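One structure is given here, and the rest of the page talks about it.
In this text, all values refer to a predicted model and were calculated from it rather than measured experimentally.
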Amino acid sequence: MFKWLHPFAKPETVYHLCGRWLPWLMTLALLTLGLGNIWGLAFTPPDYQQGDSYRIIHLHVPAAIMSMGTYFYMAVAALIALVWQVKIAQWSVLAIAPIGAVYTAIALITGMAWGKPMWGTWWEWDARLTSELILLFLYLGVIALSGAFSDRAMGSKVASLLAVVGVINLPIIHFSVQWWNTLHQGASITKFAKPSIDPSMLWPLLISILGFALFMFAMVCMRLRTAIMQNEQHRPWVKALVRKA
């Protein structure tokens, strides 16, 4: 059923594929990030309640969305690594984790900066903030566990197991504003029937989200290529690439 995926389990194939995608992904990421943030930060109208302070939404919301999206991709790779023992999937987990941790840190920091003028405090043990902080700890846990064992294979398995188990936190983050009485505002753009955000503010935000996503994929390609080179350095095809370089 999944025979068409078999070539993508080969490190050499993935290495060259990432090499072809990387320039396009990085170029599109920089263009969309630049467009979305310049448009959002400089040219959108002020919010009728929050004034200009809402503009941080063009960093905070994309980072928050991608902190969860990146974790989901990492968990899928971890599941494949645990069930089918695919080396590329194992390396992908460790390639993705630091990127997701950075996105989560950006979401938390920008959220605190936004919360200060809105709530009068940098931090509250709000359900959304707390579950997002747990997400950061999950990322850091995956990174730490991968290097905590003398047996690298065992470390990768334990890290992958944590990544899979940690998926339970994603719906908690997403639905926390509905399940509990929180300070954090409700959904603005995921109500597809009628988003509660003006189109003049929505479009630059959507472009910024696309930019964050493209940048994540570009960084994963870059880190995965490095991981492949490190783990496959004894292979003839890697030695041939090094000689050409």
Side-chain angles (χ1 to χ4, degrees), residues 33 36-37 40-41 44 46-76 78 93 96-145 159 162-192 195-198 201-202 204-213 215-216 219:
L33 283 172
N37 281 279
L41 295 174
T44 54
D47 182 73
Y48 77 101
Q49 285 184 321
Q50 302 182 37
D52 288 323
S53 63
Y54 93 95
R55 297 182 191 278
I56 202 170
I57 195 175
H58 297 95
L59 292 174
H60 174 69
V61 170
I65 290 174
M66 290 313 303
S67 70
M68 293 186 287
T70 303
Y71 194 95
F72 177 77
Y73 300 139
M74 182 181 72
V76 170
V93 172
I96 294 171
I99 302 167
V102 171
Y103 274 151
T104 308
I106 292 172
L108 288 168
I109 292 169
T110 54
M112 289 189 294
W114 194 2
K116 177 61 175 176
M118 293 300 102
W119 304 337
T121 180
W122 291 101
W123 182 265
E124 282 287 336
W125 291 104
D126 176 270
R128 173 64 64 85
L129 274 66
T130 303
S131 54
E132 186 74 9
L133 180 61
I134 291 171
L135 184 66
L136 177 61
F137 291 153
L138 286 169
Y139 276 122
L140 297 178
V142 169
I143 296 169
L145 284 173
L162 176 62
V164 172
V165 173
V167 168
I168 194 173
N169 190 47
L170 299 185
I172 294 174
I173 296 172
H174 181 72
F175 293 108
S176 58
V177 293
Q178 299 176 27
W179 292 344
W180 294 285
N181 183 24
T182 70
L183 287 173
H184 199 283
Q185 69 185 55
S188 297
I189 64 174
T190 55
K191 296 184 294 184
F192 294 108
S196 57
I197 181 171
D198 189 82
M201 304 173 181
L202 178 61
L205 178 57
L206 293 176
I207 294 171
S208 294
I209 293 170
L210 176 61
F212 270 69
F215 188 73
M216 183 272 288
M219 292 304 297

Checklist entry - Do Leu135 and Tyr103 come close enough that some side-chain heavy atom pair is under 4.5 Å? => result no
Next on the checklist: Nearest 0.5 Å, please: how far is CD1 in Ile173 from CG in Leu129?
Outcome noted: 10.5 Å
Next on the checklist: Please find the pair of heavy atoms, one from Met74 and one from Ala163, that lie closest to each other, and give the distance.
Outcome noted: CE-CB, 3.9 Å
Item to check | Listed partners of Ala159 passing side chain to side chain contact (heavy atoms under 4.5 Å, CB included), at least two apart | outcome: Val142, Leu145, Ser146
Checklist outcome for this item: By side chain to side chain donor-acceptor pair (under 3.5 Å), Thr44 pairs with (sequence neighbours left out) Tyr54, Arg55
Checklist entry - In Å and rounded to the nearest 0.5 Å, what is the CD to CD1 distance from Glu132 to Ile172? => result 12.5 Å
Checklist outcome for this item: When every non-hydrogen atom of Asp52 is compared with those of Pro46, the smallest separation belongs to OD1-CB, 3.5 Å
Checklist entry - Can you check whether Ile99 reaches Phe215 side chain to side chain, under 4.5 Å on heavy atoms? => result no
Checklist entry - Any side-chain heavy atom of Tyr71 sitting closer than 4.5 Å to one from Asn169? => result no
Checklist entry - What distance separates Ile56 CD1 from Ile109 CD1, expressed to the nearest 0.5 Å? => result 10.0 Å
Next on the checklist: With rounding to the nearest 0.5 angstrom, report the CH2 to NE2 distance, Trp114 to His60.
Outcome noted: 6.0 Å
Checklist entry - What pair of heavy atoms forms the shortest contact from Ser208 to Pro62, and how long is it? => result CB-CG, 3.8 Å
Checklist entry - Are the side chain of Ser131 and the backbone N or O of Arg128 linked by a donor-acceptor pair below 3.5 Å? => result yes
Item to check | Where Thr104 and Ser67 come nearest, the two heavy atoms and their spacing | outcome: OG1-CB, 3.3 Å
Checklist outcome for this item: CG of Asp126 to OG of Ser176, rounded to nearest 0.5 Å, is 7.0 Å
Item to check | Intermediate values then yes/no, side-chain contact (heavy atoms from CB on, under 4.5 Å), Ile65 and Phe212 | outcome: CA-CA 9 Å; Ile65 290 174; Phe212 270 69; over 6 Å; no
Checklist entry - Closest heavy-atom contact between Ala78 and Val164? => result CB-CG2, 3.8 Å
Checklist entry - What's the spacing between Ile143 CD1 and Leu138 CG if we round to 0.5 Å? => result 11.0 Å
Checklist entry - What heavy-atom pair brings Ala107 and Thr110 nearest, and what distance separates the two atoms? => result O-OG1, 3.3 Å
